[in-house]
Amino acid sequence: AIQNLAFKNNAAVVLINKEKDQLGMVHYRYQEYFNGKPVQYTMLIVHTLNNRVVSLNGEYYRGLTDPFQQNLNEKEALQKALNHTAASEYAWQDIQMESILKYIQNSATATYYPKGDLVYISKNNSLQTEDIRLAYRFNVYATAPMGRANIFVDASSGEILFTENL
């Protein structure tokens with residue numbers, strides 16, 4: 001079923017989860033990728049019973065093309081995200097919070113310091129193909145004022161495309 005959706009250019013879907021329910025149905029969850037990067041908030045779910053497709057539902061983009069430029073590096077994009085947040089203190093600046101995170105994750109390198117991941121997302125999460133942009137996604141955890149959000153920064157212009165409060 002998923003092969004019949006005719007993804008074009010550099011678009012594809014990747015299986016991220018498979019689960020069987022109490023009725024014996026198997027549900028396959030796929031994430032859309034473009035140019036090897038995830039397309040934010042896309043998901044296709046194929047529902048099967050006895051190895052036959054019963055239904056398919058979800059969100060994905062058709063006809064993605066590649067006019068996307070990456071003019072900003074991760075450091076420049078992070079500065080845009082932090083300016084947008086306008087907090088006076090962040091979780092990675094709190095030694096105690098960082099220590100607890102390292103302990104919980106059993107990792108000396110664990111940190112709240114935001115790392116930028118390149119993803120595709122539609123401006124203001126419109127879910128319209130014409131609004132798709134290449135963006136850096138940062139998980140920014142502020143402690144003053146308290147707040148945590150995924151902030152999406154256009155990798156070309158530096159514009160804040162969307163903020164997802166966590």
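Rounding to the nearest 0.5 angstrom, the gap separating the OH atom in Tyr61 from the OG1 atom in Thr129 is 7.0 Å. Rounded to the nearest 0.5 angstrom, His47 NE2 and Leu56 CG are separated by 7.0 Å. Note that CG of Asn139 is 9.5 Å distant from CG of Asp117, once rounded to the nearest 0.5 Å. Annotation: the span from Ile45 atom CD1 to Tyr28 atom OH amounts to 14.0 Å, rounded to 0.5 Å. Atom CE of Met146 and atom CD of Glu89 lie 10.0 Å apart (nearest 0.5 Å). Atoms CG and NE2, from Leu49 and His27 in turn, are 9.0 Å apart once rounded to the nearest 0.5 Å.
Applying the salt bridge (charged side-chain N to carboxylate O under 4.0 Å, His left out) test to residues at least two apart or on different chains, the pairs with a partner in residues 156-166 are Lys123-Glu159.
Under a 3.5 Å cut-off, the side chain of Ser122 and the backbone N or O of Leu127 do form a donor-acceptor pair. Checked by atom type and distance alone, the side chain of Asn73 pairs as donor or acceptor with a backbone atom of Lys75 at under 3.5 Å. For the pair Arg133 (side chain) and Asp131 (backbone), a donor-acceptor distance under 3.5 Å is present. Within the 3.5 Å criterion, the main-chain N or O of Ala11 finds no donor-acceptor partner in the side chain of Glu32.
Partners of Gln70 by side chain to side chain donor-acceptor pair (under 3.5 Å), not counting sequence neighbours, listed by chain and number: Tyr136. Listed by chain and number, the residues in a side chain to side chain donor-acceptor pair (under 3.5 Å) with Thr163 are His84 (sequence neighbours excluded). When the side chain to side chain donor-acceptor pair (under 3.5 Å) test is applied to Asn35, the partners found at least two apart in sequence or on another chain are Asn10, Asp66, Tyr120. A search for side chain to side chain donor-acceptor pair (under 3.5 Å) contacts involving Asn51 returns nothing, not counting sequence neighbours.
Around atom CD of Gln96, no more than 12 heavy atoms belonging to other residues, nucleotides or ligands sit under 6.0 Å away. The number of heavy atoms from other shown groups lying within 6.0 Å of CG (Leu166) is above 12. More than 12 heavy-atom neighbours from other residues, nucleotides or ligands sit within 6.0 angstrom of NZ on Lys102. Residue Asp21 places its CG atom among more than 12 non-hydrogen atoms of other residues, nucleotides or ligands, all under 6.0 Å distant. The environment of CG in Asn50 is sparse: at most 12 heavy-atom neighbours from other residues, nucleotides or ligands sit within 6.0 Å.
Residues Val14 and Val39 fall into different hydrophobic clusters, defined by Ile, Leu, Val, Met, Phe, Trp and Tyr side chains chained together at heavy-atom separations under 4.5 Å. Hydrophobic clustering (ILVMFWY, side-chain heavy atoms < 4.5 Å, transitive): Val140 and Met97 are in one cluster. Val26 and Tyr30 fall within the same hydrophobic cluster, defined by Ile, Leu, Val, Met, Phe, Trp and Tyr side-chain heavy atoms under 4.5 Å apart, directly or through other members.
Hydrophobic cluster of Phe162: the remaining members, joined at side-chain heavy-atom separations below 4.5 Å, are Tyr41, Val119, Ile121, Phe152, Leu161, listed by chain and number.
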